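Here is the structure we will look at, set down as structure tokens.
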Amino acid sequence: MNFYKQAADILDRLGKKEGSIKGLTLGNAEVTDKKRMYAVICETLKHNTTLSLVLQESKLLALEKKLTRSLALLLLHDLLLQSRGIQASDAWPMKQAVMRHKARLKAEFVKAKIKVGAKKDGLIEGEDELLLPRYVRVNLLMKTPQQVIDAFIADGWTFLPVPPSPPAPPPANTFHRDEHLDFMLVFPPKSDLHLHPLYVSGVLILQDKASCFPAAILAPPKNAYVIDGCAAPGNKTSQLAMGMGNGGKIIACDLDLRRLNILKRLTTKAGCTNITALNTSFLTLDTTTPDNSKVSHILLDPSCSGSGIINRLDHLVDAYAEEQEQATILETTTTGGAAERAAAEEKKKERLLSLGEFQVECVSKAMTFPNVRKISYSTCSIYAEENEHVVTTLLKKHWPTWKLTPRAKVLPTWHRRGYPSEVCDIPGLVATDEDRAKIADCVVRAVPGGPEGDLMNGFFVACFERVGKNSLPGLSPVWKGPSIGGIKRTHEEADEMDDTTTDAATEGTSPAKKKKKNKKKKKKSATTNSEETSVTAGDFASTAAGVGGEGGGVEDDEASGDDE
């Protein structure tokens, strides 16, 4: 009895977004039966669509005034989906309130499953936890992938020299190396490695493949000065440190002190020594301080809708909160709910617009750091409002000072790119379908799930590079060359003069001196590129073949430190 009341209180708090599932169950000192509580909360949320329809059609809340929505959903879950039924005394009034309608509720459950296209267990497509592979990042600060592979073979696992074809999770007791990120190993779904000595010691980091892309694309060199602007809970930060071989410096910013403390714990466990954690908002950083003027690379993974996350159960919280809000409206309306549904849809659009504006603000802030050369922007969203639309807005505001990094430097072997239809016109840059396709080809998308998806969470990554003042954007789809500063250049000339660092030193000099300095810069650029490649080919030797010379990245769950 007290268990259900406590569970209902947790559901209410989740509906108000007052915490995460793990934080309010496994991390809650007031919960005694933590595993059971975590399981019943997760399962109720996963079946929420079907159970809410049963609740609506049966008019249970109208018939039993003492029942709350959250408590009713929990009791319906156990009555309709658990063989043991409701685990409470028959004398408990709330159990009696449900059992009085047992026959009708079961009949409504059958109809609800048919109506929503549910499977026999009441789950609809996309509502269950899809059986995605268990991705594991090898922490190269501690061991090489081959050393880890040898350890698992010694434990009785079978190593597959090539991934399954067509793409699929590996069979039981087998694993393979990822074809795009060579520091990543791929295990069967639900492989529990939490007690494995290599995980406990920090050699293995449990993380979704897609969340590795941002740091892989940013790929700062060993001596870089990097800001992770939305850092907690910290796996992307630890991946940056891994890629830099603990060289240079990383500033990790987050306004949530609790999550920042998790970052400190996780990065310490991973053996990172070049990270300074700041309990502050990235947007409040002073770009003029001596330290911040040294910043060369920025990674931004700002707040988003989380609509691409499918293999981590906390994504159910947003859906639950929105559905419960709408259900409350529909249950009190006499108009059939059409106007209310339209209002709810409009509210969703407004939320996406607000998130997009915040994301544009974050990247625009990053572009004000005087010496930053490269910015990685990412979301775990499937919506264009947070992805292609944000990129379009940023190019409108900041091109030609900033350009998109071309595909050749952005996981070139990854097959899925942006959506050309979502790329808007940009004066002087994008005007035709061909232009839109070229812009879309520069960004990376991952479609959540499988088999039609990419066997991972949904993700989006774009990379921006600063353009020299006397250079043309190397990515301009207007290949004949737009007029900038009264100078019109051909595509070939633009490529020759393109540079990712500010070229203020050449202003006001003679053509001969400019040519000489351009040659020096070209040589310097080649040296820099060689240095970045050597990082990948040296400490990241296992990475080069998989990502075309790029680095790698991570994400984790805020309660356990894993991306599940």
Side-chain angles (χ1 to χ4, degrees), residues 22 132-152 155 157 175-178 180-219 226 228 231-246 250 252 254 259-275 277 299 301 309 311-312 314 378 380 456-457 459 539-543 546-547 550-564:
K22 286 186 177 180
L132 301 183
R134 159 53 75 192
Y135 294 100
V136 177
R137 176 166 67 90
V138 177
N139 182 3
L140 301 182
L141 292 174
M142 296 184 176
K143 287 187 182 294
T144 67
Q146 190 58 53
Q147 288 174 317
V148 174
I149 290 171
D150 292 341
F152 274 98
D155 286 344
W157 288 79
F175 72 109
H176 62 83
R177 212 161 179 169
D178 186 76
H180 300 101
L181 303 173
D182 214 26
F183 52 76
M184 178 158 280
L185 302 179
V186 186
F187 289 82
K190 296 190 176 181
S191 298
D192 190 358
L193 302 173
H194 289 85
L195 298 180
H196 197 284
L198 292 177
Y199 170 77
V200 174
S201 64
V203 173
L204 302 182
I205 296 175
L206 308 182
Q207 165 207 2
D208 188 68
K209 175 179 176 177
S211 66
C212 288
F213 287 175
I217 289 169
L218 187 64
V226 184
D228 187 347
N235 271 351
K236 287 185 180 68
T237 319
S238 72
Q239 184 185 351
L240 288 171
M242 182 183 82
M244 297 163 66
N246 268 335
I250 300 172
D254 205 278
R259 286 165 57 85
L260 196 68
N261 286 332
I262 294 173
L263 177 145
K264 293 177 182 178
R265 174 173 59 83
L266 293 177
T267 54
T268 298
K269 177 184 176 183
C272 305
T273 59
N274 62 344
I275 298 171
L299 187 147
D301 188 46
I309 299 178
N311 70 334
R312 197 170 60 200
D314 277 355
S378 60
C380 50
M456 62 183 75
N457 284 326
F459 231 80
D539 291 353
F540 264 97
S542 61
T543 306
V547 296
E550 302 299 318
V554 199
E555 186 62 69
D556 54 36
D557 181 89
E558 60 184 87
S560 68
D562 309 329
D563 186 27
E564 298 182 308

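As the structure is a prediction and not an experimental result, all values here were calculated from the model.
- The closest donor-acceptor contact from the side chain of N246 to the backbone of G271 lies under 3.5 Å.
- Contact record, A270 with L141: O-CD1, 3.7 Å, taken as the closest heavy-atom pair.
- Not less than 6.0 angstrom separates the ring centroid of F459 from the ring centroid of F213.
- From K264, atom NZ reaches atom OG1 of T237 across 12.5 Å, with rounding to the nearest 0.5 Å.
- Of all heavy-atom pairs between M242 and N139, the closest is SD-CA, 3.8 Å.
- Evaluation of the side chain to side chain contact (heavy atoms under 4.5 Å, CB included) rule for K143 yields Q147, V148, L198, V203 as partners, not counting sequence neighbours.
- Minimum interatomic distance between A216 and A219 (heavy atoms only, all atoms of both residues): O-CB, 3.6 Å.
- Atom CG in D228 sits 9.5 Å away from atom CG in L218 (nearest 0.5 Å).
- When the options V138, V136, D178, I205 are evaluated for a side chain to side chain contact (heavy atoms under 4.5 Å, CB included) with M184, the one that passes is D178.
- Side chains of R177 and L185 form a contact here, defined as non-hydrogen atoms less than 4.5 Å apart.
- Interatomic distance, CD1 of I275 versus OG of S238, reported as 6.5 Å (0.5 Å rounding).
- Separating the CG atom in D182 from the CG atom in L140 is a distance of 9.5 Å, to the nearest 0.5 Å.
- Here the side chains of R134 and F175 are not in contact, with every heavy-atom distance at 4.5 Å or above.
- A distance of 7.0 Å separates CZ in F183 from CZ in R137, rounded to the nearest 0.5 Å.
- In this structure P188 satisfies the side chain to side chain contact (heavy atoms under 4.5 Å, CB included) test together with W157, P170, S191, sequence neighbours excluded.
- For Y199 against L193, the heavy-atom pair with the smallest separation is CB-O, 3.3 Å.
- Looking at every heavy atom in both residues, K236 comes nearest to A215 through O-CB, 4.5 Å.
- Among residues two or more places apart in sequence or in another chain, the side chain to side chain contact (heavy atoms under 4.5 Å, CB included) test is passed with D150 by Q146.
- Contact record, A241 with N274: CB-OD1, 3.3 Å, taken as the closest heavy-atom pair.
- Side chains of C212 and L181 form a contact here, defined as non-hydrogen atoms less than 4.5 Å apart.
- To the nearest 0.5 angstrom, L204 atom CG is 7.0 Å from F187 atom CZ.
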